[in-house]
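Reviewing the structure listed below.
Below, chain A is the first sequence line, B the second, and so on; all start at residue 1. Quantities reported herein were computed from a predicted structural model and do not represent experimental measurements. All values below were derived from every heavy atom in this structure, side-chain atoms included, with hydrogens, water molecules and symmetry-related copies excluded.
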Number of protein chains: 2
Amino acid sequence: MSNKILNNYISVDCVIFGFDFEKLNVLVVDRTLIKDNGEIDFTDLTLTGNHIYEDETIVEAADRIIYDLTGLRNIYLEQFKTFAAPDRLKKENDRKWLLFNDRNPDNRIVSIGFFALLATQKVTLEWKGRNVRWMPVDEITELGFDHKLILSEALIAMRNKLIHEPIGFELLPEKFTLTQLQKVYEIILDTTFDKRNFRKKVARMKYLIPLDEKQKGVAHKPARLYMFSREVYEKTRKEILNFLV
Amino acid sequence: MSNKILNNYISVDCVIFGFDFEKLNVLVVDRTLIKDNGEIDFTDLTLTGNHIYEDETIVEAADRIIYDLTGLRNIYLEQFKTFAAPDRLKKENDRKWLLFNDRNPDNRIVSIGFFALLATQKVTLEWKGRNVRWMPVDEITELGFDHKLILSEALIAMRNKLIHEPIGFELLPEKFTLTQLQKVYEIILDTTFDKRNFRKKVARMKYLIPLDEKQKGVAHKPARLYMFSREVYEKTRKEILNFLV
DNA sequence: TTTAATAAGTGTACTATCAACACTATCAAA
DNA sequence: TTTGATAGTGTTGATAGTACACTTATTAAA
């Protein structure tokens with residue numbers, strides 16, 4: 001084994017999940033390079049990533065990436081894994097990498113993976129005119145670099161978190177109905193729940209606050225709207241931890 | 001904000017937790033530098049870390065670090081977080097860092113944090129004669145660099161995992177008693193459990209296999225020994241996931 | 001060989017949560 | 001006013017959680 005230590009380039013890659021009440025999407029960047037004669041030289045899709053600047057923390061870099069692409073701040077964001085196989089960007093991808101970067105392919109690229117959760121409707125994709133678009137998770141068959149792997153691991157981490165902690169509402173507008181919340185869980189965890197049992201469970205979660213407000217303009221009985229209260233959540237969480245989980 | 005991108009040095013830092021039936025310990029490295037005249041120039045404790053070599057994956061580097069320090073392979077290991085504040089190793093620690101390293105302090109040091117779980121008795125600390133020793137977690141008040149922060153985050157991640165997944169036995173010898181297992185949970189989660197209820201719960205976990213073997217040489221009724229079966233665990237886990245968690 | 005010390009091992013009654021299941025209410029649009 | 005669509009609601013049986021005290025098997029000391 002070689003004991004040589006590589007130079008390393010750090011990038012923060014964000015898997016931005018967006019829910020549109022029907023399916024789970026990921027924000028992808030369309031990298032298309034046009035030749036001088038107008039033909040497409042090369043095209044692929046990648047996750048959204050960037051470098052960490054000199055005076056930034058990792059989280060600041062991730063926040064900046066989210067802001068650049070969506071125009072949004074204070075989005076739910078979680079660091080889930082770091083990727084750094086020595087040859088992860090080489091082999092088949094070398095040429096693509098060099099097309100878009102001037103870096104030395106001998107260096108190792110280390111990606112710190114984050115996932116973000118938001119409601120697609122919050123985002124105006126025309127923001128800054130980037131080649132960015134939503135793509136349903138289950139239609140993504142290929143991504144540039146090793147971003148397919150990063151997406152898979154993000155999905156695992158996100159599902160795991162969704163099962164154990166109340167983050168489902170992060171994929172919905174601030175005010176949401178219980179049916180919408182149930183759909184978040186059903187679609188992401190690929191299952192179905194009994195409506196009455198789901199509501200009984202929600203009723204026990206004191207941090208989901210029922211509002212005196214209903215849906216408007218729907219062609220059926222309008223549903224009551226709910227909000228998440230972080231304050232109540234932190235309080236009950238502490239109580240639980242005091243008596244131990 | 002500066003858009004300058006730093007050079008980055010990647011290190012893999014391992015928080016090696018060891019349980020000795022009574023308390024949770026961490027493997028720390030004693031860094032003591034002696035002056036020419038025999039006086040101690042400087043001393044502190046740090047976590048165990050190292051660089052990633054050219055042809056290694058992150059996990060291989062972590063495995064190598066564990067092996068170098070303990071002589072053990074196939075230890076439970078989990079990547080939990082990556083640390084990279086721009087000034088994390090500077091300020092007060094600059095001198096210490098330079099004493100032990102020839103690197104440029106302007107570069108950013110990125111640490112990929114792992115935690116490992118094992119029974120202290122498995123380790124022969126004389127291995128390779130390193131300045132390495134066990135230290136009880138709750139006696140660690142200070143560590144070099146920002147390793148105290150890394151330790152805190154490792155503890156949070158480890159406790160969280162311990163609550164949600166069966167990893168407690170990783171801190172015990174291959175064959176263990178239920179009282180030993182109960183103690184793992186009680187000490188790490190800082191609580192107590194009722195013995196009968198704990199055993200009822202364990203009885204439901206089919207992957208904890210009772211053996212036809214008992215403790216020997218103890219001055220009380222000898223306890224039955226148990227083993228973890230990964231095979232049974234993977235099977236029941238799949239069944240659970242099929243019907244959804 | 002008896003006794004003391006120590007931890008192992010075991011059951012029950014009550015409460016809370018889980019899981020399965022079907023009908024009525026309210027709104028917009030036709 | 002009828003139709004279509006989704007909201008909203010209770011009960012029962014099974015499973016898991018919680019609180020609680022005594023007997024048993026072994027070694028060491030008397």
Side-chain angles (χ1 to χ4, degrees), chain A residues 20-22 163-164 166 168-169 172-173 175-187 189 191-227 236 239-245, chain B residues 20-22 163-166 168-169 172-173 175-187 189 191-227 236-237 239-245:
Chain A
D20 60 8
F21 302 121
E22 285 182 358
I163 288 168
H164 295 302
F169 57 85
L172 294 171
K175 298 172 182 180
F176 51 86
T177 71
L178 294 188
T179 302
Q180 288 166 352
L181 187 63
Q182 185 175 342
K183 271 216 138 175
V184 166
Y185 287 91
E186 289 185 338
I187 289 170
L189 302 176
T191 185
T192 55
F193 295 107
D194 176 82
K195 204 207 295 190
R196 280 170 288 193
N197 293 340
F198 184 85
R199 280 156 191 256
K200 253 183 288 179
K201 204 163 191 174
V202 166
R204 258 177 265 128
M205 301 174 178
K206 299 295 164 51
Y207 45 81
L208 285 181
I209 316 286
L211 304 175
D212 289 329
E213 208 173 328
K214 302 199 163 190
Q215 277 184 312
K216 272 172 212 155
V218 288
H220 53 78
K221 179 170 173 177
R224 177 185 279 257
L225 296 174
Y226 285 73
M227 271 190 70
T236 53
E239 283 167 18
I240 288 166
L241 287 177
N242 285 345
F243 285 103
L244 193 38
V245 177
Chain B
D20 60 8
F21 301 120
E22 286 181 358
I163 288 168
H164 295 302
E165 280 177 60
F169 58 85
L172 294 171
K175 298 172 182 180
F176 51 86
T177 70
L178 293 188
T179 301
Q180 287 166 353
L181 187 64
Q182 185 175 339
K183 270 216 137 176
V184 166
Y185 288 91
E186 290 185 339
I187 289 170
L189 302 177
T191 185
T192 55
F193 295 107
D194 176 83
K195 204 207 296 189
R196 282 170 288 194
N197 294 340
F198 184 84
R199 280 155 192 256
K200 252 184 291 179
K201 203 162 190 173
V202 166
R204 258 176 265 128
M205 301 174 175
K206 299 295 163 52
Y207 44 83
L208 285 181
I209 315 287
L211 304 175
D212 288 329
E213 208 173 327
K214 302 199 164 190
Q215 276 184 313
K216 274 172 212 154
V218 288
H220 53 77
K221 179 169 174 178
R224 178 186 279 257
L225 295 174
Y226 285 73
M227 271 189 70
T236 52
R237 190 181 160 79
E239 282 167 18
I240 289 165
L241 287 177
N242 284 346
F243 286 102
L244 193 36
V245 177

(message) Against A:R199, only a single residue in A:K201, A:R196, A:K195 fulfils side chain to side chain contact (heavy atoms under 4.5 Å, CB included); can you say which?
(response) A:K195
(request) Among the candidates D:dA25, D:dT18, D:dA21, find the nucleotide nearest to the side-chain atoms of B:R196. (result) D:dA21
(request) Please report, rounded to the nearest Å, how far the C1' atom of D:dA7 is from the CD atom of A:Q180. (result) 12 Å
(request) Would you state whether a donor and an acceptor, one from the side chain of B:K200 and one from the base of D:dT18, lie under 3.5 Å apart? (result) yes
(message) Using a 4.0 Å cut-off to any heavy atom of chain A, which nucleotides of DNA chain C are the first and last in contact, reading 5' to 3'?
(response) C:dT17 to C:dA28
(message) Treating A:Q180 as the side-chain partner and A:L172 as the backbone partner, does any N or O pair qualify as donor plus acceptor under 3.5 Å?
(response) no
(request) Name the residue closer to the 5' end of DNA chain D, choosing between A:N197 and B:K195 according to the nucleotide with the nearest heavy atom. (result) A:N197
(request) Verify, without hydrogens or angle tests, whether A:R224 (side chain) and A:T177 (backbone) share a donor-acceptor contact under 3.5 angstrom. (result) no
(request) Measure the distance from CG on A:D194 to P on D:dT9 and round it to the nearest whole Å. (result) 14 Å
(request) Identify, between B:H220 and B:Y226, the residue whose nearest nucleotide on DNA chain C lies closer to the 5' end. (result) B:H220
(request) Could you tell me whether the side chain of A:E186 and the main chain of A:T192 form a donor-acceptor pair under 3.5 Å? (result) no
(request) Rounded to the nearest 0.5 Å, what's the gap from OH on A:Y185 to CD1 on A:I163? Could you check? (result) 10.0 Å
(request) Check whether any side-chain nitrogen or oxygen of A:R199 sits under 4.0 Å from OP1 or OP2 of D:dG8, and answer yes or no. (result) yes
(request) Please state how far atom NZ in B:K221 lies from atom P in D:dT23, giving the value in whole angstrom units. (result) 13 Å
(message) Check this one for me: any side-chain N or O of A:T179 less than 4.0 Å away from OP1 or OP2 of D:dA7?
(response) yes
(request) Under the salt bridge (charged side-chain N to carboxylate O under 4.0 Å, His left out) rule, what do A:K175 and A:E213 come out as? Steps first, then yes or no, please. (result) CA-CA 9 Å; A:K175 298 172 182 180; A:E213 208 173 328; 3.0 Å; yes
(request) Using heavy atoms to find the nearest nucleotide of DNA chain C for A:V218 and A:K201 separately, return the residue whose nucleotide is more 5′. (result) A:K201
(request) Return the value, rounded to whole Å, for the distance between atom CZ of A:F198 and atom P of D:dT6. (result) 17 Å
(request) Specify the separation, in whole Å, of atom NZ of B:K216 and atom C1' of D:dT27. (result) 16 Å
(request) Kindly indicate whether the side chain of B:Q215, heavy atoms from C-beta on, has any atom under 4.5 Å from the side chain of B:K221. (result) no
